[in-house]
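Not measured: the values here are computed from a predicted model.
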Protein chains: 2
Amino acid sequence: MKKQERQRYIKRLLSSNEIERQEDFVSLLRAENIEVTQATISRDIKDMQLVKVPSATGGYHYSMPVQKQMDTEKKLKRTLRDAYVSYATQDKFVLIKVLPGNGPALATLIEAMHYEEVFGTIGDDATVLIICKSLAMTLDLQQRLQRLLNDN
Amino acid sequence: MKKQERQRYIKRLLSSNEIERQEDFVSLLRAENIEVTQATISRDIKDMQLVKVPSATGGYHYSMPVQKQMDTEKKLKRTLRDAYVSYATQDKFVLIKVLPGNGPALATLIEAMHYEEVFGTIGDDATVLIICKSLAMTLDLQQRLQRLLNDN
DNA sequence: TCAGGTCTTTCATATTTATGCAAAATAGCT
DNA sequence: AGCTATTTTGCATAAATATGAAAGACCTGA
């Protein structure tokens, strides 16, 4: 597929070059014989959740998304997949049902991730209640959990 | 001082609201009786190294800088301050002289920080050599080290 | 207090990034 | 293949962000 491949290139470019503007991606990709416009790059960046970081020396550059503590995340993913039963949302709450005994562990892991969306977490034997900071953030968090549950 | 205070407010706003555009900061600050323009916010954001993150639900929002591994960073700071003797740069290299015995530890700590600027690190008894990915990145790294050495 | 430096802010605007919409490409179906 | 639905892209442009230059604020020392 076309898009995937391009995004792979983008990822590669990220680590080896100093990329200050989206147009830089366009140029660099052109050099690799991949024709794209800035518009597409903008969408790729959104997809890949890349960020434009102000660097210490006064410039800006694009960079990979905030690396979560991959350890905790890995554990979280496993726990989630192992113990997950169901979930529901209402207002700023996400309520996750898990197999008995897994609530507290999951709650702790979610805490440990320091997701900016979450205001607080509490878990009993088989339930985890996550309170988000806003409605929008509740959606974000859902997405995140969704991903952990399904993706790769 | 004025700027400091505003930036403190900004930091506070970050965690409680969904901020999608710099103008949002302007509005929110205005609500707190702080008058600023978007231009100033843009500069604050650069100062504070905030980033605009594409969020899972399709929007964007500003967020705190990539969280440093505060543990390692603290150790690094201490080691650096305790053992630092001198440093020099040339091309993509930063060479740090430290008190005898501290080289390897410092090198390891720097590795552990996973600074995106650094390509690799090697340390002997009293020296650490850091190889950066580019000239610009060498400057960035210097800045970083400078800060660790001097700031707060 | 004033002159001269430094820092900070605004204004105006250049630069960069995001996006609606239509076209093109890609995938599924049958 | 042929047709329809979905995804992806480019174009044009809107929206958002960054920045030079001038003005104002704030030091500091004489």
What integer distance in Å separates [X]:[atom1] from [N]:[atom2]?
{"X": "Ile10(B)", "N": "dT8(C)", "atom1": "CD1", "atom2": "P", "answer": "14 Å"}
{"X": "Glu5(A)", "N": "dT26(C)", "atom1": "CD", "atom2": "P", "answer": "12 Å"}
{"X": "Gln4(B)", "N": "dC7(C)", "atom1": "CD", "atom2": "P", "answer": "13 Å"}
{"X": "Met48(A)", "N": "dT17(C)", "atom1": "CE", "atom2": "C1'", "answer": "17 Å"}
{"X": "Tyr60(B)", "N": "dT17(C)", "atom1": "OH", "atom2": "C1'", "answer": "8 Å"}
{"X": "Lys3(A)", "N": "dT6(D)", "atom1": "NZ", "atom2": "P", "answer": "16 Å"}
{"X": "Arg6(A)", "N": "dA25(C)", "atom1": "CZ", "atom2": "P", "answer": "14 Å"}
{"X": "Lys52(B)", "N": "dA16(D)", "atom1": "NZ", "atom2": "P", "answer": "8 Å"}

Which parts of residues 36-45 of chain B get close to DNA chain C, meaning a heavy atom less than 4.0 angstrom away?
->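 Nucleic-acid contacts, sorted: Val36(B), Thr37(B), Ala39(B), Thr40(B), Arg43(B).
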Closest non-hydrogen atom pair, Lys52(A) against Val51(B) =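 Closest heavy-atom pair between Lys52(A) and Val51(B): O-CG1, 3.8 Å.
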For the residue pair Tyr87(A) and Gln146(A), what are the closest heavy atoms and their distance?
->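 Scanning both residues completely, I find the closest heavy atoms to be OH-NE2, 3.4 Å.
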Axis-to-axis angle across the helix from dT1(C)-dA30(D) to dT30(C)-dA1(D), five pairs an end, to 10 degrees?
->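 One end's axis against the other's: 40°.
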Taking atom OH of Tyr84(B) as the centre, report whether more than 12 heavy atoms of other residues, nucleotides or ligands fall under 6.0 Å from it.
->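 Yes, because the 6.0 Å sphere around OH of Tyr84(B) holds more than 12 heavy atoms from other groups.
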Do the side chain of Glu117(B) and the main chain of Cys132(B) share a donor and acceptor less than 3.5 angstrom apart?
->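 Side chain of Glu117(B) to backbone of Cys132(B): no pair is present.
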List in chain and number order the residues that pass salt bridge (Lys or Arg N to Asp or Glu O under 4.0 Å) with Asp47(B), two or more places apart in sequence or in another chain; answer none if no residue qualifies.
->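 Partners of Asp47(B) under the salt bridge (Lys or Arg N to Asp or Glu O under 4.0 Å) test: Lys3(B).
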Enumerate donor-acceptor pairs with a distance under 3.5 Å from any side-chain N or O in residues 31-41 of chain A to protein atoms, sequence neighbours excluded.
from, atom 1, to, atom 2, distance (Å)
Glu35(A), OE1, Arg30(A), NE, 3.2
Glu35(A), OE1, Arg30(A), NH2, 3.3
Glu35(A), OE2, Arg30(A), NE, 3.4
Gln38(A), NE2, Gln22(A), OE1, 2.9

Using heavy atoms and a sub-4.0 Å distance, could you list which residues of residues 20-27 of chain A are near DNA chain D? By number, please.
->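 Under 4.0 Å from DNA chain D: no residue of residues 20-27 of chain A.
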Under the side chain to side chain donor-acceptor pair (under 3.5 Å) rule, collect the residues that match up with Thr127(B), sequence neighbours excluded.
->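 Lys97(B), Asp124(B).
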